[in-house]
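Contents: one structure, followed by commentary.
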Amino acid sequence: MQYTRNEIDFKRGTFRAKGDILEIYPSDQNEKAIRVEFWGDEIEKVSEINPLTGKTLGLRQHVMIFPNSHYVTQTDKMERALCTIEEELKERIDYFKGNNKLIEAQRIDERTNFDLEMLKETGFCQGIENYSRHISGREPR
């Protein structure tokens, strides 16, 4: 869901884990975080907390935690997108090399491969909107 683990700087879009306690600072909240306490692999208690003091604000039966990023998709769509991005990358590299634009070919290769690696590892990259056609499965214009 694009949250990052951060034990030191607890801010929106992060989570931290200490023993059997998981604290999540939802990206859509300013003044409340969620603490989930486990007993083994069962949830024992869910509570809203003040993210600064850690003081419990109230107990909850359930909570809705929205993704930290709106750029979320299913795994199979992302895998398909990675393949089509790689195919288009090969076409663009061939185009640049065919027109004797070797610097452009090298640059697009490096940048796109970095983005592909980030997408594979984290599901996100800077400028992900540039790949929206691939992720949504639309045809090129």
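As a basis for the values below, the full set of heavy atoms in this structure was taken, side chains included, without hydrogen atoms, waters or symmetry mates.
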Does a salt bridge link [X] with [Y], judged by any charged N lying under 4.0 Å from a carboxylate O?
{"X": "Glu44", "Y": "Arg35", "answer": "no"}
{"X": "Lys77", "Y": "Glu79", "answer": "no"}
{"X": "Glu7", "Y": "Arg16", "answer": "no"}

Beyond-backbone contact of [X] with [Y], side-chain heavy atoms, under 4.5 angstrom:
{"X": "Lys97", "Y": "Leu102", "answer": "yes"}
{"X": "Ile21", "Y": "Val36", "answer": "no"}
{"X": "Asp115", "Y": "Ile85", "answer": "no"}
{"X": "Leu59", "Y": "Val46", "answer": "no"}
{"X": "Ile93", "Y": "Ile108", "answer": "yes"}
{"X": "Glu88", "Y": "Arg133", "answer": "yes"}

For a quick test of reading the model, state the closest non-hydrogen atom pair linking [X] to [Y] and the distance between them.
{"X": "Asp28", "Y": "Phe66", "answer": "OD2-CD1, 3.3 Å"}
{"X": "Glu31", "Y": "Tyr25", "answer": "N-OH, 4.2 Å"}
{"X": "Tyr3", "Y": "Ile24", "answer": "CE2-CG2, 4.0 Å"}
{"X": "Arg60", "Y": "Glu48", "answer": "NH2-OE1, 2.8 Å"}
{"X": "Gln29", "Y": "Lys32", "answer": "CB-O, 3.3 Å"}
{"X": "Ile34", "Y": "Val63", "answer": "CD1-CG1, 3.9 Å"}

_Atom pair OG1/NZ of Thr112 and Lys90 - distance to nearest 0.5 Å_ = 13.0 Å
*Atom NE2 of His134 and atom CD of Glu86: how far apart are they, to the nearest 0.5 Å?*
11.0 Å
*Phe114 ring centre to Arg111 NZ or CZ under 6.0 Å, with the angle to the axis within 45°?*
no
